[in-house]
Amino acid sequence: MQFKREEKNRASFLDNLNEAQRAAVEFCDGPSLVIAGAGSGKTRVLTYKIAWLLEQGLPPYYLLALTFTNKAAREMKSRIAELVGEKQARRLWMGTFHSIFSRILRNEAEAIGFQSNFTIFDATDSKNLIKLIIRELELNDKQYRPGTVHNQISNAKNRLITPSMYAANSEIIDNDRQARLPAISEIYSSYQQRLRAANSMDFDDLLLYTNILFRDHAEILERYRNQFQFILVDEYQDTNFAQHLIVTQLAEKHHRVCVVGDDAQSIYSFRGANIDNILNFKTNYPETRVFKLEQNYRSTQNIVNAANSLIKKNSEQIFKEIFSTNDVGEKIEVKSAFSDFEEGLIVANKISRMRMEKHSPYSDFAILYRTNAQSRIFEEALRKNNIPYRIYGGLSFYQRKEIKDVISYFRMIVNPNDEEAFRRIINYPSRGIGDVTVGKITHAAQRQQVSLWQVVAAPASYSLNVNAGTARKIEAFHTLISSFIEQNKSLNAFELAQEVIRRSGIAAEAYEDMTPEGMSRTQNIQELLNAMSEFASTRQEQGEENRLADFLSEVSLLTDQDTDSEAENEKVTLMTVHAAKGLEFRHVFVVGMEEELFPYAMARTGMRGLEEERRLFYVAITRARESCTITYAKSRFRNGQINPARKSRFLKDIDPTYLNMDRQTAADLPQSAETDDFWGSMRRNRLEKERSITPKKRAAPLQQTYSSIPLSKEAKELQEGDIIEHERFGRGVVTAIEMGGSDRRAFVDFESAGKKQLLLKFARFTIVGRSG
DNA sequence: TAACACTTGTTTTTT
DNA sequence: ACAAGTGTTA
């Protein structure tokens, strides 16, 4: 009796959970998989489970909790702190894969041949270095686009394929050859060497090297295995192979691992996420207990039912029946607009109206789109209507040029071998060291297998051949950085940052620049200093390290999602659907529901891609608590032209019972690309034009729509049966030419690259003959 | 070296 | 349409 009461008191917070949630929280003797439908209280389960484990007496530093974003980690930590106290919460090993394992890698750096002060390359740094290597190898950088190459390397790393494995894998090498990119293997290996020489890692390396560390050092793996008695992973559907293997390795002994996720919300396969990780979890651990959270507490029944009917169209999924006992709610309204411009107005107007009618503050509204480029049109419409908004995504604060430049100084101070940082600041602010000199330094460094910094530190011993004036400038740069390194021994992050800004000449340059852009740059730098000041003082208060290296390792892994420090009240949220994952809003607008845009044209290849796009749409709809509005436009400004647009095929995947679509919209010609050819859309647009009440307004864009796009002579003359030589795909036979939308496309069967569709206004090729 | 004009490609989502 | 990259000039 007494025992029971005690038990009940101890875990009284469990009363806030439903049966399934509670069962998931209380099970901790083996592997478990929590399938958490949208809005089913997943975060609550995770936080309560952690609190529960701590109450059971598990010391916080024995618990490893991995999340997808820093923001999720922060939020969860603070909610746990509310349950079990700040002191315990702070000692949890909780964060993103990248932040947790960079911490571990710094501790164990020696074992894998790095120094613990290694710096982290972001995607821009990686691409810059790759571009440099491509040039050094004298490859054509039109053919080898840094982005493409980086993608390929990133994919390899996510599958734990090292440069030597890459080179030895005939399948991959064949593929690269087919794609006419046979040198990727060489670029990859060179890239990896350069990163190592720079004592730097890119994002993917943090996972790759963790795996290498665990593979090659059994004793280290053993230590972490023992430490992490319980492992929790959030958003498991979005883990890639590298992440999956880390978890598997750490959990191998005790099998106390709980993964939480929703296969229906897997939307990151482009980044290597493998939905099979969650689908096959049970196979991995046969004794797995599966808990399904199927009650949606977030949304109205209509929204839940509509989303269910949509996701049913996907083939691969774990069975579950998500339901809501909330109000039935309004149907999802589907609205069509004549143009993207009008779409913006419709949304802005509806927000204004709903705000009054429903007494909703602006912060209750979100506009979700597929691509960041769509934000502009909504910005304009909202501004015109005096509606305050906040855009998430796009360029993050830490990716702005001026911030990256300042941060590059920090990187040089912490890790002078950092090649990218060196390149950014060697002539910033300009100190008369140009490309030629940097080229010479690079060359010397390459020749003697040292870093750029080492050459600059001892030009003579690496026989750097520059004139006396340049030598003096290099010496001055070396002295400057050296003195910062010296000061770094005594100053905290903020103090040192002030020194850097002042003595490097950044401050002088910034204050001189009175152009609006210049002032905004100065402001951003000031903002960075403020952030550092805050960092230094809070860290100090908590008795933690507040040196430059600590600041740097923290911000290297931050993204825009994490920078929303100010309380953004009374503003409409604009973001991509990806960025909205995990969030909820009372009123959601899902915009641009058009073929080629959503599903996105490039992501549409194959079933797999299409299903992921459908899941993305599912994520978008399930962000809504009370109302959801879907819009699309019949013409859209894209790449400098107005293009006709068709409503998305996904709209017919939703059970019409849950939709509110006016007759006109419902009758809009839908999706079948085969019948919806150029002439069909031309006729429809003509009709609309004639019916139009404000022909003047519409005349201009329509004219542009069909104005002739200048085609190359080759493209004009091209006909079926021609044999062409394409810049990238090689030789092929034209099997058909057709008008798709407003563009002429050629269907070509290439000898090595297979069947491709080419947009004639973009394609670059020559006609080399005709086939029989 | 830096400022400018011209050309080119672009076309997803992001830890 | 626009941004980024290239080439030309002072």
Side-chain angles (χ1 to χ4, degrees), chain A residues 66-73 95-102 120-124 126-128 131 135 141-142 145-148 150-151 154 157-158 202-207 234-235 238-240 242-243 266-273 368-377 392-396 398-399 401 427-438 470 473 556-562 575-581 592 596-605 609 612-613 615-617 619-620 636-643 704 727-728 743 759 761-764:
Chain A
L66 298 164
T67 61
F68 196 63
T69 62
N70 294 299
K71 196 176 167 194
T96 61
F97 274 92
H98 292 86
S99 70
I100 293 287
F101 293 109
S102 71
I120 296 170
F121 274 33
D122 69 12
T124 314
S126 298
K127 276 184 263 182
N128 284 342
K131 189 198 264 169
R135 291 200 178 152
D141 60 359
K142 300 260 154 57
R145 297 222 298 296
T148 314
H150 180 234
N151 246 336
S154 174
K157 288 185 176 180
N158 287 333
D202 69 13
F203 273 138
D204 305 310
D205 281 341
L206 297 173
L207 306 176
D234 190 13
E235 308 280 17
D238 286 325
T239 53
N240 59 37
Q243 293 166 322
S266 158
I267 54 174
Y268 280 100
S269 75
F270 68 93
R271 224 172 54 196
L368 308 182
Y369 35 75
R370 177 68 239 268
T371 65
N372 276 310
Q374 287 164 264
S375 69
R376 267 188 100 151
I377 202 104
Y392 292 77
L395 208 41
S396 97
Y398 290 101
Q399 300 202 32
K401 188 189 170 300
N427 199 32
Y428 170 81
S430 30
R431 47 175 70 88
I433 305 176
D435 290 346
V436 177
T437 308
V438 175
T470 309
K473 291 172 189 163
S556 306
L557 296 169
L558 286 187
T559 61
D560 189 50
Q561 310 291 305
D562 305 312
M575 55 169 60
T576 62
V577 182
H578 281 91
K581 197 178 72 163
E596 314 272 286
L597 187 59
F598 206 157
Y600 194 78
M602 288 181 137
R604 222 182 31 189
T605 47
E612 175 148 321
E613 291 285 300
R615 289 194 294 270
L616 194 56
F617 188 26
V619 168
R636 180 168 296 276
F637 205 83
R638 244 180 138 184
N639 316 323
Q641 282 187 72
I642 293 182
N643 292 306
Q704 278 177 41
E727 201 176 80
R728 219 143 44 82
D743 301 319
L759 273 186
K761 67 176 167 177
F762 292 136
R764 295 169 66 94

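Predicted model, so just to flag it, every value in this text is computed and none were measured. Note on naming: letters A, B, ... go to the chains in the order of the sequence lines (proteins, then strands), and numbering restarts at 1 for each one.
Across all strands shown, Arg636(A) has no heavy atoms under 4.0 Å from either base or sugar-phosphate atoms. At the heavy-atom level, Ile433(A) lies under 4.0 Å from the strands shown only through sugar-phosphate atoms. Across all strands, Asp204(A) comes closer than 4.0 Å to no nucleic acid atom at all (heavy-atom distances). Residue contacts shown for Lys131(A) are limited to sugar-phosphate atoms, with no base heavy atom under 4.0 Å away. Residue Ser99(A) is out of contact with every strand shown, counting any heavy-atom pair closer than 4.0 Å. Backbone-only contact: Phe68(A) has heavy atoms under 4.0 Å from sugar-phosphate atoms and none from a base. In this structure, Tyr268(A) reaches the sugar-phosphate backbone alone: every heavy-atom distance under 4.0 Å involves primed, P, OP1 or OP2 atoms, never a base.
When distances are taken from the side chain of Arg376(A) to each of dT15(B), dC2(C), dA1(C), the shortest belongs to dC2(C). Out of dT14(B), dT15(B), dA1(C), the shortest distance to the side chain of Phe203(A) is found at dT15(B). When distances are taken from the side chain of Arg145(A) to each of dT15(B), dA1(C), dT10(B), the shortest belongs to dT10(B). The listed nucleotides are dA1(C), dA2(B), dT15(B); the one nearest the side chain of Asn427(A) is dA2(B). Each of dT11(B), dT15(B), dT13(B) was ranked by its minimum atom distance to the side chain of Tyr600(A); first place goes to dT11(B).
Side-chain atoms of Arg615(A) come within 3.5 Å of backbone N or O of Ser266(A) as a donor-acceptor pair. In terms of modelled atom types and a separation under 3.5 Å, the side chain of Gln243(A) and the main chain of Asn240(A) share a donor-acceptor contact.
Between Phe68(A) and Tyr268(A), the two ring planes are tilted [angle within 30° to 60°].
Taking only side-chain nitrogens and oxygens, Thr371(A) never comes nearer than 4.0 Å to OP1 or OP2 of dT11(B). At the phosphate of dT13(B), OP1 or OP2 sits under 4.0 Å from a side-chain N or O atom of Asn372(A).
Heavy-atom distances to DNA chain B give each of Thr576(A) and Asp435(A) a nearest nucleotide, and the one nearer the 5′ end belongs to Asp435(A).
Atom-to-atom, CD1 of Ile377(A) to P of dC2(C) comes out at 11 Å; the value is rounded to the nearest Å. The interatomic distance linking Tyr392(A) (OH) with dT13(B) (P) rounds to 18 Å, in whole Å. Between the CG atom of Leu597(A) and the P atom of dT10(B) there is a distance of 19 Å, rounded to whole Å. Atom pair His150(A):NE2 and dT12(B):C1' shows a separation of 16 Å (rounding to whole Å applied). Summarising the geometry, the separation between CZ on Arg431(A) and P on dA2(B) is reported as 12 Å, rounded to the nearest angstrom. Spacing between atom CG of Leu616(A) and atom C1' of dT14(B) amounts to 13 Å, rounded to whole angstrom units. In this structure, CG of Asn151(A) is placed 12 Å from P of dT13(B), rounded to the nearest angstrom. We find that CZ of Arg615(A) is positioned 18 Å from P of dT13(B), with the value rounded to whole Å.
We find that Arg636(A) and Glu596(A) are not joined by a salt bridge, their nearest charged nitrogen and carboxylate oxygen being 4.0 Å or further apart.
A donor N or O paired with an acceptor N or O is found under 3.5 Å between the base of dT13(B) and the side-chain atoms of Arg370(A).
Of the residues listed (Asn70(A), Leu207(A), Leu66(A)), the one engaging His98(A) in a side-chain contact (heavy atoms from CB on, under 4.5 Å) is Leu207(A), and it is the only one.
The partner of dG9(B), taking Watson-Crick or G-U wobble pairs whose two distances both stay under 3.5 Å, is dC2(C).
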